[in-house]
Amino acid sequence: MNFLLLGDVCGKSGMNAIKSKLKNIITTNKINFTIVNGENAADNGKGLTKENFNELINAGADVVTTGNHVWDHKEIIDTIEKEVQLIRPENFIEGLPGKGFHIFHSKEKKKIAVINLIGNVFMKKSRDVFESAEKVINRIKLKTDADFIFVDIHGEITSEKMALGHFLDGKITGLVGTHTHVPTSDTKILENGTAYQTDLGMCGDYNSVIGMNKENSIKKFFKDKDAKKHFPSTGEGTLSGLIVEADKESGLARKVTRLIIGGTLVQ
Ligand code: FE2
């Protein structure tokens with residue numbers, strides 16, 4: 001089984017790249033299941049609207065994960081309560097709408113669990129990410145409850161994501177980081193068979209400051225009075241993510257390939 005995981009879709013550049021390229025990538029690489037982080041898919045680069053969610057699904061995503069910006073467009077509350085294909089971090093404070101994980105049934109009659117988590121370091125207050133990960137993984141066991149399990153950990157710092165990867169190594173098919181909008185080159189299969197990459201990077205315009213207009217961002221750092229609120233850069237978007245080939249018997253990773261297509265990033 002082949003899985004595609006794409007990093008944070010950022011603004012129109014990211015959405016346009018998804019709409020124009022994703023179906024072709026799925027066909028060419030014989031992808032069976034696609035997980036996309038839609039955290040920044042809205043035109044303003046923060047959160048996502050119902051329309052963005054529908055467009056991501058229509059473009060080929062099977063699941064849309066999120067993160068700290070999920071509630072930025074209030075209309076998404078209604079969507080997340082109705083649509084199982086849209087999830088938010090499991091370890092958000094209790095009582096918030098939506099779910100943090102779901103077990104999906106693929107066309108191949110395989111059960112695929114997708115879990116969304118959010119980091120604790122340099123992020124807004126949420127429940128302990130390691131304790132929450134342990135709790136979920138005690139509920140969803142590989143080969144018993146799901147044929148494949150993937151985790152999207154939306155976090156700021158590398159060490160937290162790496163430690164979580166090792167903690168879950170051998171218990172899940174793959175763990176990828178999102179949120180920083182910069183892809184890391186530590187793509188690998190961990191010792192016990194879990195696919196891993198600290199951050200997938202974003203799907204968006206890399207001629208920018210993490211997807212936002214670079215001139216304005218520099219002004220902001222200079223505390224220039226003319227600086228506006230951050231707004232997305234609108235050049236050609238790069239799609240950035242990971243392809244995981246997983247073993248049907250063990251549910252673990254066999255091969256990992258970084259995917260970088262279009263825009264200004266070296267491929
Ligand atoms: Fe984020």
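Counting starts at 1 for both ligands and their atoms, following the listed order. Since this is a predicted model, take the numbers as computed values, not measurements.
One finds a salt bridge joining D199 and K161 here, because a Lys/Arg side-chain nitrogen approaches an Asp/Glu carboxylate oxygen to under 4.0 Å.
Excluding waters, the protein N/O/S atoms found under 2.8 Å from the Fe ion (ligand 1) are E39 OE2, N68 OD1, H154 NE2, H179 ND1.
For D169, the side chain to side chain contact (heavy atoms under 4.5 Å, CB included) test picks out L190, E191, N192, T194, with sequence neighbours left out. Partners of D78 according to the salt bridge (charged side-chain N to carboxylate O under 4.0 Å, His left out) rule, which considers only residues two or more places apart in sequence or in another chain, are K82. Listed by chain and number, the residues in a salt bridge (charged side-chain N to carboxylate O under 4.0 Å, His left out) with E55 are K19 (sequence neighbours excluded).
Just one residue in the list H179, H69, R88 forms a side chain to side chain donor-acceptor pair (under 3.5 Å) with H154, and that residue is H179.
Contact annotation: the side chain of F53 approaches that of E83 to within less than 4.5 Å [non-hydrogen atoms, C-beta and beyond].
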